Number of protein chains: 2
Amino acid sequence: IYRPVNGVAADKSQVRIAILKVPDQPGIAARIFGALSKNNISVDMIIQSLEEDNANNIAFTVDETDLNSTLSILEEVRMNLGAKEIVVDNDIAKISIVGAGMIDRPGIAASMFEALAEQNINIKMIATSEIKISCLVEKERAHEAVRALHSKFELDDENAEADKV
Amino acid sequence: IYRPVNGVAADKSQVRIAILKVPDQPGIAARIFGALSKNNISVDMIIQSLEEDNANNIAFTVDETDLNSTLSILEEVRMNLGAKEIVVDNDIAKISIVGAGMIDRPGIAASMFEALAEQNINIKMIATSEIKISCLVEKERAHEAVRALHSKFELDDENAEADKV
Ligand SMILES: C[C@@H](O)[C@H](N)C(=O)O
Ligand SMILES: C[C@@H](O)[C@H](N)C(=O)O
């Protein structure tokens with residue numbers, strides 16, 4: 001059976017960090033992530049949306065074990081850039097749907113968001129690619145989110161089979 | 001030779017649309033993208049970063065041929081949600097680096113941002129996944145961006161070979 005979505009994943013080991021009101025000019029993202037990579041900090045998601053008044057926010061996720069080192073590196077960058085502040089959200093679970101068939105399927109992201117909405121789960125952050133759509137939700141909602149997505153994308157019976165093994 | 005990045009892509013056929021100051025509560029993303037998908041609008045990137053004062057912005061890209069229909073659908077949603085406004089940026093090129101080996105490689109995103117910074121190219125938007133990092137830049141910088149990335153990730157000689165064929 002062809003399924004556009006063939007799996008759901010939940011990752012509760014990450015923390016979201018954002019540097020607010022960085023100047024929206026060339027070289028800024030390079031400095032931030034250059035500093036992190038020089039210090040061997042592995043970054044998972046990086047999200048930057050629209051600018052406002054010539055400034056922007058850049059949010060990213062790292063493993064929670066890297067929180068303290070990330071914050072000290074980032075504080076130095078923040079001072080050098082004159083960015084407003086650094087904010088941390090450690091109440092996040094990264095919920096992802098994965099599939100080869102998602103590209104050019106307008107309804108897949110909408111269905112994911114609907115599944116979460118039906119459980120009254122708030123979506124804190126969104127990033128998409130052709131084979132993966134990820135949403136950040138509160139940690140304690142992760143299990144429900146996964147169940148709702150298994151159900152929405154009809155992955156339940158497969159899971160029942162797997163559980164019996 | 002193992003290369004973490006094996007390709008660079010540029011897409012100049014999209015437009016970025018954002019709906020600003022939507023209420024940050026369950027069901028909002030579902031309504032927006034439900035309305036678009038009901039009308040068969042194919043969405044490529046969806047980006048939502050951190051909330052501010054219980055509201056958020058949601059930005060997404062569609063093919064430029066879908067701009068007008070997207071705007072009329074979105075305006076109706078905007079009114080129903082009481083969202084502040086809709087903004088359009090049609091001066092965008094989506095520049096992506098693709099590779100199987102990018103996961104757990106802290107420096108790849110930083111290198112991409114550095115390549116663009118070295119050409120004084122401003123990064124308008126960022127979204128990442130394990131196999132793809134995408135940045136939106138001004139349309140007229142697309143060609144330079146691709147060249148800079150080919151060079152940074154040493155994909156130049158392969159391209160020279162391909163051109164000779
Ligand atoms: C905000 C940040 O992305 C900046 N526009 C840059 O190009 O580095
Ligand atoms: C802003 C939007 O993503 C909202 N938080 C929702 O869950 O739908």
Side-chain angles (χ1 to χ4, degrees), chain A residues 16 18 20 24-52 57-60 87 89 104-135, chain B residues 16 18 20 24-52 57-60 87 89 104-135:
Chain A
R16 179 180 75 184
L20 305 188
D24 183 35
Q25 62 204 26
I28 300 300
R31 278 171 75 174
I32 294 165
F33 294 94
L36 293 175
S37 111
K38 248 199 355 257
N39 287 279
N40 270 311
I41 304 288
S42 216
V43 172
D44 183 21
M45 300 168 84
I46 299 171
I47 302 240
Q48 172 187 311
S49 190
L50 339 120
E51 54 86 30
E52 214 169 319
N57 302 327
I58 304 183
F60 59 94
V87 295
D89 186 351
D104 289 334
R105 285 281 200 110
I108 304 281
S111 299
M112 179 182 194
F113 305 152
E114 276 153 18
L116 299 177
E118 283 156 17
Q119 305 303 320
N120 210 36
I121 295 170
N122 197 41
I123 299 169
K124 295 185 170 202
M125 188 170 241
I126 302 168
T128 60
S129 73
E130 285 85 349
I131 61 168
K132 186 183 224 187
I133 299 174
S134 294
C135 290
Chain B
R16 179 180 77 185
L20 306 189
D24 182 34
Q25 61 204 27
I28 302 299
R31 279 171 73 173
I32 294 164
F33 294 94
L36 293 175
S37 110
K38 249 204 345 258
N39 287 277
N40 269 310
I41 304 288
S42 214
V43 173
D44 182 23
M45 299 170 85
I46 300 172
I47 300 240
Q48 173 187 309
S49 190
L50 338 118
E51 53 86 31
E52 213 169 323
N57 302 326
I58 303 182
F60 59 95
V87 295
D89 186 351
D104 290 336
R105 284 285 200 107
I108 304 281
S111 298
M112 178 181 193
F113 304 151
E114 277 154 19
L116 299 176
E118 283 157 17
Q119 305 303 319
N120 209 36
I121 295 171
N122 197 42
I123 299 170
K124 293 185 169 204
M125 188 169 240
I126 302 168
T128 60
S129 73
E130 286 86 350
I131 61 167
K132 186 183 222 183
I133 300 173
S134 295
C135 290

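Remember, predicted model here, so these are calculated numbers, not experimental data. Here is how names work: the chains are called A, B, and so on, in the same order as the sequence lines, proteins then strands, and each is numbered from 1.
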- Going by the ring pair (Phe, Tyr, Trp, His ring centres under 6.0 Å) test, which pairs reach into residues 25-48 of chain B, not counting sequence neighbours? A/F113-B/F33, B/F33-B/F60
- On a heavy-atom basis, the closest approach of B/E130 and A/D44 is OE2-OD1, 4.2 Å
- If one checks every heavy atom of A/I121 against chain B at 4.5 Å, the contacting part turns out to be backbone
- Note on the structure: What one should report as the nearest heavy-atom pair of A/A59 and B/S49 is CB-OG, 3.7 Å
- Message: For a quick test of reading the model, state the closest non-hydrogen atom pair linking A/A117 to B/G27 and the distance between them.
- Response: CB-CA, 3.5 Å
- Query: With a 4.5 angstrom heavy-atom cut-off, which part of A/A29 approaches chain B: side chain, backbone, both or neither?
  - Reply: both
- Under a 4.5 Å heavy-atom cut-off, does chain B meet the side chain of A/I131, its backbone, both or neither? side chain
- Message: If I measure from the heavy atoms of chain A, does B/K124 come under 4.5 Å with its side chain, its backbone, both, or neither?
- Response: backbone
- Item | Distance, nearest 0.5 Å, that separates CD1 of A/I123 from CD of B/E51 | 14.0 Å
- Task: Tell me, out of A/P26, A/C135, A/A110, who's got the most heavy-atom pairs with chain B below 4.5 Å.
- Result: A/P26
- At a heavy-atom separation under 4.5 Å, does B/I41 approach chain A through its side chain, its backbone, both, or neither? backbone
- Item | Note, B/E52 side chain near A/N57 side chain (heavy atom, < 4.5 Å) | yes
- Note on the structure: Looking only at B/I108, B/I46, B/I47, the option with the highest number of non-hydrogen pairs under 4.5 Å against chain A is B/I46
- Message: Heavy-atom cut-off 4.5 Å, strictly under: side chain, backbone, both or neither for B/R31 against chain A?
- Response: neither
- Roughly how far apart are B/D24 CG and A/N122 CG, rounded to 0.5 Å? 4.5 Å
- Contacting region of B/I133 [heavy-atom separation from chain A under 4.5 Å]: neither
- Task: Please step through side-chain contact (heavy atoms from CB on, under 4.5 Å) for the pair B/L20 and A/L50, ending with a clear verdict.
- Result: CA-CA 10 Å; B/L20 306 189; A/L50 339 120; 3.4 Å; yes
- Task: Find out whether A/T128 and B/V43 are in side-chain contact, i.e. whether some heavy atom of one side chain is under 4.5 Å from a heavy atom of the other.
- Result: no
